[in-house]
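Down below is the structure, laid out as structure tokens.
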Number of protein chains: 2
Amino acid sequence: MDDFTRRTTTDAVYEKLHDEIVSLQILPGTKLSETEVARRFGVSRQPVRNAFTKLGNEDLLVIRPQKATEVRGFSMERVELARLVRLAVELEIVHRAVEVWDALREAKLAENIALQEQAIADGDLTTFHALDYDFHKLIYELSGNPLAFDVMLECKQKVDRLCLLSLGKASEAGAILADHRNIATGLASGSLEQAQGSMRKHLSRLDETIAFIHKTHPDYFE
Amino acid sequence: MDDFTRRTTTDAVYEKLHDEIVSLQILPGTKLSETEVARRFGVSRQPVRNAFTKLGNEDLLVIRPQKATEVRGFSMERVELARLVRLAVELEIVHRAVEVWDALREAKLAENIALQEQAIADGDLTTFHALDYDFHKLIYELSGNPLAFDVMLECKQKVDRLCLLSLGKASEAGAILADHRNIATGLASGSLEQAQGSMRKHLSRLDETIAFIHKTHPDYFE
DNA sequence: ATAAGGAGACTAGTATCCAAGTTCTGTCAA
DNA sequence: TTGACAGAACTTGGATACTAGTCTCCTTAT
């Protein structure tokens, strides 16, 4: 009665390629050959083909018959679309969260924020980023929509991939923490306006970063 | 300098199967054999395999190694997730629409609504449904986010597929038109609350239909 | 010198063979 | 009659040969 599917060669190839693409180890515009990738992984072309189509479905690859497959470049439209969808979902989750919010939920979120403060006090940015991730995920779970988190995450990753281009340019952790606090107090006070407004502000912090990247890396865009 | 990709056998198989699945000509739980489908289409297994993996990536098929692949059943969680994302996007689009709304945009939307009224007066439901589609699309375009429409549409289709199960049970066209009017006047008056509220109400009309289907067709759910 | 054309090295799509696992069925024994 | 076991007949996954279209570069002719 095993419920999980066997791990297949296709999966392995897919995951490795996916990682390399989203982490920009393989840059946009890079040509990928089925046979060459097959050689590199020591497998036949078939699993590579499967992985390619999967990546193509996610718009990470451009596959055209009889032409070299290449890593898709960024498009400002796509990035803005991903940001729109993420924002939209986050706002609706906040909306649903305020409707079910109670003392228990408030306490759980407060606990996360306390840990964030601790991490910043310790100068431990790695832990802080993990807690940042948890903070957002927590709101989805507490609002009763855990699955929506994955949808949001998919959008977020598309933007994150772009933002990897500007390396040192991380937002101020302090500002992020302040946003989180505002969102939390908005939820706690039952103020939809404050909670949503804070979320909007939180997600708009990337505006300048993305505009900057668009200007400084016109290549990598299609 | 042709920009479009050649049409391939894989595409043909994929599109046909996709249609048959989303139109419920092939019901959830149906077992699909690569070889059998290949025979039916008069092609080899390979393009069928490609099509299968593509459909599997879209969660329309569940493919497990060495086991018969079958058409995925509905899941209430997935349907509710699709509805959540659609609602979220529609609300954010309305939000952006009110910020750029002007007389010209108002006139274009009013024109569409006038046609809707005419269609209902004529008892022409086919035209009305086309105008319904146009109404929503128009808001996306007028708000400056035409691409987001496709995202919404994808969510909508997942729900539509489920709703095909209850055949005669179409919502009252008059009620739909009233919703549209409320959304339009909300936009025209710059009232975000009214516009979003009307949209929320509009999309919640499916609540009972979906609950009804869930109760009357427990099979078809996984 | 330059431009047109062809050979060859690519590309992905398709067909087919084999391997490995699951499911069903039929037979044989209790 | 029923149950268990063996095996056939499925299933998809992977490998490989072959087809067909594209691109590049070099040769050749103007």
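Naming convention: chains lettered A, B, ... in sequence-line order (proteins, then strands); numbering from 1 in each chain.
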* By nearest nucleotide on DNA chain D, pick out whichever of B:R49 and B:E36 is the more 5' one. =>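 With B:R49 and B:E36 compared, the 5'-side residue is B:E36.
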
d([atom1], [X]; [atom2], [N]) in whole Å:
X: B:L32; N: D:dC10; atom1: CG; atom2: C1'; answer: 15 Å
X: B:K31; N: C:dT22; atom1: NZ; atom2: P; answer: 15 Å
X: A:E70; N: D:dT22; atom1: CD; atom2: P; answer: 16 Å
X: A:R45; N: C:dC17; atom1: CZ; atom2: C1'; answer: 16 Å
X: B:Q46; N: D:dG13; atom1: CD; atom2: P; answer: 11 Å

* Asked: If you check every side-chain atom of A:K67, which of C:dT14, D:dT22, D:dG13 has the closest atom?
  -> D:dT22

* **Nearest listed nucleotide, side chain of A:S44, among D:dT11, C:dG13, D:dA15** =>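 Given the options D:dT11, C:dG13, D:dA15, the side chain of A:S44 is closest to D:dA15.
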
* Asked: So does B:Q66 reach the base of D:dT12 with its side chain, donor to acceptor, closer than 3.5 Å?
  ->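 Per atom types, the contact qualifies.
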
* Is the base of D:dG13 touched by the side chain of B:R64 through a donor-acceptor pair closer than 3.5 angstrom? -> no

* Return yes if some donor-acceptor pair links the side-chain N/O of A:R86 with the main-chain N/O of A:K156 below 3.5 Å, else return no. => no

* Asked: Is a side-chain donor or acceptor of B:R83 paired with a backbone partner of B:L203 at a separation under 3.5 angstrom?
  -> yes

* Distance check: side-chain N/O of B:T8 vs OP1/OP2 of C:dG13, anything under 4.0 Å? ->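 No.
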
* To do: Just call it for B:L61: base, sugar-phosphate, or nothing, with non-hydrogen atoms closer than 4.0 Å on any strand.
  => nothing

* ring-ring contact (aromatic ring centres under 6.0 Å, His included) contacts in which one or both residues fall within residues 34-58 of chain B, not counting sequence neighbours -> none

* To do: Verify ring-ring contact (aromatic ring centres under 6.0 Å, His included) between A:H136 and A:F149, making sure each step is shown before the conclusion.
  => CA-CA 8 Å; A:H136 288 277; A:F149 184 74; 8.1 Å; no

